[in-house]
2 protein chains.
Amino acid sequence: MDILFKPFIDHFSTNQKLSENTIAEICNHLSVLDLDKKYVLIKENQRHDFAYFVIKGAVRSYYLKDGVEVNTWFALENDMVGSLHNFKGNPSRETIELIENSTLISINLKQVKPLMFSNIQIANFINAIIEDYALFLEDKIYFSQMMSSIDKYLILLDKEPQIFQRIPLTYIASFLGISRETLSRLRAK
Amino acid sequence: MDILFKPFIDHFSTNQKLSENTIAEICNHLSVLDLDKKYVLIKENQRHDFAYFVIKGAVRSYYLKDGVEVNTWFALENDMVGSLHNFKGNPSRETIELIENSTLISINLKQVKPLMFSNIQIANFINAIIEDYALFLEDKIYFSQMMSSIDKYLILLDKEPQIFQRIPLTYIASFLGISRETLSRLRAK
DNA sequence: GAATTCATTTGACAAATGTCACAAAATCAT
DNA sequence: ATGATTTTGTGACATTTGTCAAATGAATTC
């Protein structure tokens with residue numbers, strides 16, 4: 001096994017021990033990618049059924065609204081990148097682009113998914129990924145729906161301070177759902 | 001098997017055939033509930049690890065912000081009710097309350113979940129539920145993040161017209177993230 | 001079916017945020 | 001280093017939306 005795969009495998013097998021065979025079978029469908037800043041992983045409106053795991057780097061996701069980029073989230077180290085909506089065969093609602101030169105693992109979901117009906121360990125491995133993803137989505141909704149812009153800003157500053165070092169405020173403002181001028185004024189306080 | 005369980009079992013076993021034994025094993029942890037309007041299924045800040053499936057009726061979810069109810073969604077027939085956040089042992093962020101007299105199936109997740117490590121059909125059954133839930137969350141985020149209030153209103157009117165028959169506009173307004181006065185003015189056009 | 005409660009609409013005003021324009025600061029590329 | 005580009009900050013003004021108050025309409029209860 002490529003040593004770079006380990007964090008990904010470990011991250012999603014905390015509730016069961018995977019056999020050597022299962023690990024090998026999963027790794028057959030993984031590859032390591034080294035890509036430069038500004039590289040576009042997934043284009044809006046295109047079909048795509050890979051998922052990614054960030055080993056090192058930063059990724060952003062955005063869509064165009066009346067010609068303006070609206071950022072929807074950022075992924076850093078140990079975060080997953082991808083969407084079930086895409087995996088189900090629908091054209092992507094977002095563009096996913098690297099903000100830094102990054103090392104990623106790509107996962108060929110189309111090949112791995114069918115294995116879950118014959119290998120119970122793989123079923124539970126995939127389950128861990130999707131469960132983690134659903135929890136992430138729940139938090140994202142909680143964050144976006146239940147908090148004011150100022151609260152969101154303060155919590156982001158508290159919980160993910162690296163974001164502010166690595167990601168331009170323009171992107172963060174549109175992620176928070178406010179104009180960059182308003183964010184700038186919030187920060188002035 | 002109680003005949004009322006069938007829609008729930010069928011809804012989440014479209015990608016595999018469940019054996020009689022597996023179905024029986026799942027049904028052991030289901031019950032049918034008949035409850036009246038205004039009954040509170042889950043209280044904000046309390047722990048709770050049941051999930052529900054709506055056979056007939058309507059359910060809303062809300063939280064209190066500065067003493068005001070903010071509605072976060074509505075479930076009708078064939079929708080699931082519950083959250084992974086709660087299931088992971090955290091106190092609920094929302095209150096879940098019936099809007100109509102309803103018939104629900106309750107699922108004892110705490111008892112069913114461990115079976116997924118020994119029964120691959122149950123693993124894939126649970127997977128179908130969580131996958132469905134994650135897709136629902138993705139759509140919810142897309143809806144709330146990528147659309148203006150007017151678009152949200154029009155899409156809701158187009159895709160879920162029953163909502164407007166069955167759920168008060170006050171609730172819908174707070175779900176859309178606008179005041180009921182603003183919704184009323186939007187509708188005037 | 002009358003009374004009471006709840007839901008919806010409308011108006012007047014205030015507050016928050018967006019938009020546009022431009023300046024300052026930081027970063028990047030050669 | 002230096003010029004060019006990108007990012008961030010600030011002011012003036014317009015627009016949107018919220019808030020408060022009151023009236024109308026609908027639904028529920030006794």
Side-chain angles (χ1 to χ4, degrees), chain A residues 35-40 57-60 62-71 74 95 97-102 144-154 156-157 161-189, chain B residues 35-40 57-58 60 62-72 74 95 97-102 144-154 156-157 161-189:
Chain A
L35 298 166
D36 287 343
K37 189 171 169 166
K38 297 207 172 168
Y39 181 89
V40 173
V59 179
R60 73 170 175 131
Y62 69 90
Y63 68 98
L64 286 181
K65 178 150 202 156
D66 309 321
V68 180
E69 288 179 6
V70 179
N71 290 270
F74 312 105
T95 295
E97 180 188 291
L98 305 194
I99 304 186
E100 303 174 355
N101 299 344
S102 306
S144 80
Q145 201 170 45
M146 299 199 181
M147 293 193 194
S148 65
S149 314
I150 312 105
D151 291 342
K152 288 186 210 172
Y153 171 74
L154 290 173
L156 205 60
L157 196 60
Q162 341 88 290
I163 294 254
F164 292 88
Q165 257 86 69
R166 296 165 66 179
I167 291 167
L169 288 174
T170 313
Y171 295 170
I172 297 176
S174 92
F175 168 69
L176 294 175
I178 55 181
S179 68
R180 69 209 154 84
E181 290 92 339
T182 303
L183 177 57
S184 182
R185 282 168 190 132
L186 284 180
R187 281 162 63 80
K189 301 185 199 168
Chain B
L35 298 167
D36 286 342
K37 190 171 171 167
K38 298 209 172 168
Y39 182 89
V40 173
R60 73 171 174 132
Y62 68 90
Y63 67 98
L64 286 181
K65 178 148 198 158
D66 308 323
V68 180
E69 287 180 6
V70 179
N71 290 269
T72 55
F74 313 106
T95 294
E97 181 188 291
L98 304 194
I99 304 185
E100 303 173 354
N101 299 344
S102 306
S144 80
Q145 202 170 44
M146 299 200 180
M147 292 191 195
S148 65
S149 313
I150 312 104
D151 291 344
K152 286 187 215 174
Y153 171 73
L154 291 173
L156 206 60
L157 197 59
Q162 342 87 291
I163 294 254
F164 292 88
Q165 258 86 68
R166 296 165 66 179
I167 291 165
L169 287 173
T170 314
Y171 294 169
I172 297 176
S174 93
F175 168 69
L176 294 174
I178 56 183
S179 68
R180 67 211 152 89
E181 290 93 339
T182 302
L183 177 57
S184 181
R185 282 168 190 133
L186 283 180
R187 279 161 64 83
K189 303 188 199 168

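Every chain is numbered from 1 and lettered A, B, ... according to where its sequence line falls, protein lines coming before strand lines. Remember, predicted model here, so these are calculated numbers, not experimental data.
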| query | Ignoring hydrogens and angles, are the base of dG18(C) and the side chain of Arg180(A) linked by a donor-acceptor pair under 3.5 Å? | reply |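 Answer no: no donor N or O sits under 3.5 Å from an acceptor.
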
For the side chain of [X], counting heavy atoms from C-beta on, which of [options] is nearest?
X: Arg185(A); options: dT8(C), dG18(C), dT19(D); answer: dG18(C)
X: Thr170(B); options: dA7(C), dT17(D), dG18(C); answer: dA7(C)
X: Ser184(B); options: dG18(D), dT10(D), dT10(C); answer: dT10(C)
X: Ser179(A); options: dG18(D), dG18(C), dT28(D); answer: dG18(C)
X: Leu169(B); options: dG9(D), dT8(C), dG18(C); answer: dT8(C)
X: Ile178(A); options: dT10(C), dG18(C), dG9(D); answer: dG18(C)
X: Pro168(B); options: dT17(D), dA21(D), dT8(C); answer: dT8(C)

| Just how far is it from atom OH of Tyr153(A) to atom CG of Leu186(A), taken to the nearest 0.5 Å? |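 Spacing of OH (Tyr153(A)) from CG (Leu186(A)) equals 8.0 Å.
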
| message | At less than 4.0 Å, is any side-chain N or O atom of Thr182(B) found next to OP1 or OP2 of dG18(D)? Yes or no. | response |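 For dG18(D), OP1 or OP2 has a side-chain N or O of Thr182(B) closer than 4.0 Å.
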
Measure [atom1]/[X] against [atom2]/[N] and give the value in whole Å, please.
X: Tyr171(A); N: dT8(D); atom1: OH; atom2: C1'; result: 14 Å
X: Gln165(B); N: dT8(C); atom1: CD; atom2: P; result: 13 Å
X: Tyr153(B); N: dT8(C); atom1: OH; atom2: C1'; result: 12 Å
X: Ile167(B); N: dA7(C); atom1: CD1; atom2: P; result: 13 Å

| field | Of Leu186(B) and Glu181(B), the one whose closest DNA chain D nucleotide lies more 5' | value | Leu186(B)

| message | Nearest heavy atom decides the nucleotide; on that basis, is Ser149(A) or Lys37(A) closer to the 5' end of DNA chain C? | response | Ser149(A)

| Which atoms form the tightest heavy-atom contact between Gly57(A) and Ser102(A), and what is the distance? | CA-OG, 3.4 Å

| message | If I compare all heavy atoms of Leu183(A) with all of Leu176(A), which pair ends up nearest, and what's the gap? | response |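 Looking at all heavy atoms of both residues, the closest pair is CD1-CD1, 4.1 Å.
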
| said: Among Lys37(B), Lys38(B), Arg60(B), Arg166(B), exactly one meets salt bridge (charged side-chain N to carboxylate O under 4.0 Å, His left out) together with Glu100(B). Which residue is that? | reply: Arg166(B)

